[in-house]
Amino acid sequence: MSATAKKKSKSSVYLSLGTTAFGALSVVKQARLAREESDTLHLVDAVISTAKIVTGLAVLYRELKRLGNDDVLLG
């Protein structure tokens, strides 16, 4: 973590996880519509958006681990 980065609270990380996961719903809709319309450009955009969401969730998960979360789900 860089010297200028602020440490997030557990509740803000959970909120970020939730909103990021919720954003995945719009990407699924976008991908479904792109496949129905055979729109390659929108499908590529959906794939890239999915990669962004997965990366964001991984970063937030790592942040929770750094906070020393005792959550049973995280192990």
Pair L64-Y14, side chain to side chain contact (heavy atoms under 4.5 Å, CB included): steps then yes or no = CA-CA 8 Å; L64 277 178; Y14 278 123; 3.9 Å; yes

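- Alongside F22, the hydrophobic cluster contains L25 (criterion: ILVMFWY side chains under 4.5 Å).
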Do any side-chain atoms of residues 42-53 form donor-acceptor pairs under 3.5 angstrom with protein atoms, and if so which ones, sequence neighbours left out?
unit_1	atom_1	unit_2	atom_2	d
H42	ND1	D39	OD2	2.5
D45	OD2	Q30	NE2	2.7
S49	OG	D45	O	2.9
T50	OG1	A46	O	2.8

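- Within the 4.5 Å cutoff, side-chain heavy atoms of L33 are placed close to those of E37.
- In this structure, V13 and L60 approach most closely via the heavy-atom pair CG1-O, 3.6 Å.
- For the pair S26 (side chain) and G23 (backbone), a donor-acceptor distance under 3.5 Å is present.
- Residues passing the side chain to side chain donor-acceptor pair (under 3.5 Å) test with S11, sequence neighbours excluded: S9.
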